[in-house]
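Working notes, structure below.
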Amino acid sequence: MDTRIIALANQKGGCGKTTTAVSLAAGFACQGYSASIIDLDPQCNATDGFGVDRDELTRAGRFTTADIFLGKKPASEIEVGFPNRFAGELGLVPGHRGLTSVPHRLESSLQAQLANDDSSELDADDLKNEHRERLKHSLNSLRGHRDVVFIDTPPDLGFLMTTALIAADYFIIPVFPSGYDLKGLETLMRTIEKVQRRFNPNLRLLGVLLGNYDTTAKLDSDIHKMLSRKFGAELIFDVKISRSVKHREATVYSRTIFEHAPEQQPSAQFLALVNEVQRRLNGITSSETPVTQAAGRA
Ligand SMILES: Nc1ncnc2c1ncn2[C@@H]1O[C@H](COP(=O)(O)OP(=O)(O)OP(=O)(O)O)[C@@H](O)[C@H]1O
Ligand SMILES: [Mg+2]
């Protein structure tokens, strides 16, 4: 099984990262694929989106994504399943509000290590990079077991987002026309280039997704055109997710769109997006993967 890891990336708040990650992961599972979702946001909206009680998990002694960084736990040991939902094909690696303090705690442990050892400035670099690659190593435990893994990220370009981009094979940029921010997208792409250069040369843009889209608004179609010019029309997903109160309701009621509005347009659009994502993943042949990376993945 050739597992594909896909991060949702856009540092802008409220542009559809969580809605897309949750709906694609659930949609892939409903279509018979084996899927997993990693909640890397201290807000834990993806975890809440499945109606999972985080406090209950913590009380039961379960691990969360914070343990990936602080305890080097493999994601496969953290995943919780939903035996009676999503055809039993979905795993969730739940988030924790303590993710906020992870960068600080890692930095403190780094300083302590440097103080104790006979170490140099360059050792600090190595330690920092090892921290940045903890998510990647943890997610390797899902390779060969899941078809697709989606990473939901927080709305900033800090440590957690960086680790997601280092761990991922692909990224999707969700954009709400109402919150279009060209400068922000340019900063994002500069960050991506740095990650590609320094850590993950194979990271690729799978597509830009227009969500909260109003087909009747000229502004929305203008922004579609601007994005096509910036990224190339072929990198904008054909499927657009229309503005619908059903998505906000699903968020509030902690259900996925497939459970909240089955067989309605919002669900149908996300299922169409699952097909388009699948087609794009299939269209990228393994022969395009550089040999060194393919060997590393085996
Ligand atoms: N197509 C849509 N139509 C209407 N509302 C939507 C649509 N998609 C998402 N929303 C709503 O917009 C809000 C923001 O979406 P979401 O939480 O997915 O964004 P986000 O990028 O993850 O936000 P954050 O940066 O805070 O993590 C949510 O209340 C969600 O229910
Ligand atoms: Mg979110």
Side-chain angles (χ1 to χ4, degrees), residues 3-9 17-18 21-22 25-26 29 34-83 86 89-114 116 124 126-146 148-169 195 199-200 254:
T3 304
R4 318 294 185 105
I5 301 182
I6 305 169
L8 277 295
K17 292 180 290 296
T18 303
V22 165
S34 175
S36 190
I37 176 162
I38 317 298
D39 189 353
L40 216 58
D41 185 353
Q43 298 178 99
C44 304
N45 293 337
T47 305
D48 296 345
F50 290 98
V52 170
D53 182 340
R54 290 181 267 135
D55 296 330
E56 181 62 42
L57 283 179
T58 317
R59 271 197 300 277
R62 300 292 306 240
F63 296 118
T64 70
T65 45
D67 298 294
I68 289 175
F69 300 101
L70 302 176
K72 298 199 211 176
K73 285 276 165 219
S76 57
E77 279 182 31
I78 309 177
E79 264 189 333
V80 292
F82 303 92
F86 319 111
E89 293 288 352
L90 185 72
L92 163 74
V93 180
H96 191 275
R97 63 179 85 84
L99 278 167
T100 320
S101 63
V102 160
H104 178 71
R105 292 174 68 173
L106 290 175
E107 180 64 29
S108 304
S109 81
L110 181 149
Q111 292 305 336
Q113 223 165 323
L114 290 179
N116 288 336
D126 291 344
L127 288 171
K128 236 183 194 144
N129 289 341
E130 190 270 319
H131 292 164
R132 292 180 175 129
E133 292 191 332
R134 282 189 185 182
L135 178 66
K136 172 177 143 178
H137 294 305
S138 172
L139 296 192
N140 279 342
S141 65
L142 300 178
R143 289 201 188 269
H145 301 284
R146 296 290 188 190
V148 275
V149 175
F150 291 93
I151 311 175
D152 187 27
T153 57
D156 61 62
L157 292 173
F159 173 80
L160 295 167
M161 177 75 90
T162 306
T163 64
L165 295 172
I166 291 171
D169 304 310
V195 169
F199 299 99
N200 187 2
S254 297

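- A donor-acceptor pair under 3.5 Å links the side-chain atoms of R143 to the main chain of T3, judged by distance alone.
- At least one side-chain heavy atom of I151 sits under 4.5 Å from a side-chain heavy atom of I5.
- The shortest non-hydrogen separation linking F63 to E77 is CD1-O, 4.4 Å.
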**Request:** Apply side-chain contact (heavy atoms from CB on, under 4.5 Å) to the pair T65 and L99, showing each step before the final yes or no.
**Result:** CA-CA 8 Å; T65 45; L99 278 167; 3.4 Å; yes
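- Scanning both residues, L106 and H131, for their nearest heavy atoms gives O-CE1, 3.4 Å.
- Contact of the L40 side chain with the F69 side chain is registered, since non-hydrogen atoms from C-beta on lie closer than 4.5 Å.
- In this structure, I6 CD1 and F150 CZ are separated by 4.0 Å, a value rounded to the nearest 0.5 Å.
- Residues L114 and L127 are in side-chain contact: their nearest non-hydrogen atoms beyond the backbone lie under 4.5 Å apart.
- Listed here is the closest heavy atom pair of A9 and T153: CA-OG1, 4.4 Å.
- Side-chain contact check for D126 versus E130: every heavy-atom pair is 4.5 Å or farther apart.
- At least one side-chain heavy atom of H96 sits under 4.5 Å from a side-chain heavy atom of T58.
- For the atom pair CG (D41) and CG (D156), the distance works out to 8.5 Å, reported to the nearest 0.5 Å.
- With contacts defined as side-chain heavy-atom distances shorter than 4.5 Å, the pair E79/L142 qualifies.
- The closest donor-acceptor contact from the side chain of S138 to the backbone of K73 lies under 3.5 Å.
- The OG atom of S34 lies 4.0 Å from the CZ atom of R146; values are rounded to the nearest 0.5 Å.
- T47 places no side-chain N or O within donor-acceptor distance of the main-chain N or O of P94, the cut-off being under 3.5 Å.
- Put simply, the residue from D39, D152, N45 that forms a side-chain hydrogen bond (donor to acceptor under 3.5 Å, both in side chains) with T18 is D152.
- Here the shortest heavy-atom pairing between I38 and L139 reads CD1-CD2, 3.7 Å.
- Interatomic distance, NE2 of H104 versus OG of S109, reported as 10.5 Å (0.5 Å rounding).
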**Message:** Quick one, R134 with T163, criterion side-chain contact (heavy atoms from CB on, under 4.5 Å). Give me CA distance, side-chain angles, the key distance, then yes/no.
**Reply:** CA-CA 8 Å; R134 282 189 185 182; T163 64; over 6 Å; no
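- Rounded to the nearest 0.5 Å, atoms CG (L165) and CZ (R132) are 12.0 Å apart.
- Residues F50 and V80 fail the side-chain proximity criterion, which asks for heavy atoms closer than 4.5 Å.
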**Message:** Go through it in stages, so that I can follow the logic: the residues are N129 and F199, the test is side-chain contact (heavy atoms from CB on, under 4.5 Å), and I'd like the CA-CA distance, side-chain angles, deciding distance and then a yes or no.
**Reply:** CA-CA 9 Å; N129 289 341; F199 299 99; 3.5 Å; yes
**Request:** Start with the C-alpha gap between R62 and D67, add the side-chain angles, then the distance that decides, and say whether salt bridge (charged side-chain N to carboxylate O under 4.0 Å, His left out) holds.
**Result:** CA-CA 10 Å; R62 300 292 306 240; D67 298 294; over 6 Å; no
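- Pairing each heavy atom of Q43 with each of P155, the nearest pair is NE2-CD, 3.7 Å.
- Smallest separation of non-hydrogen atoms from I68 and I78: CG1-CD1, 3.5 Å.
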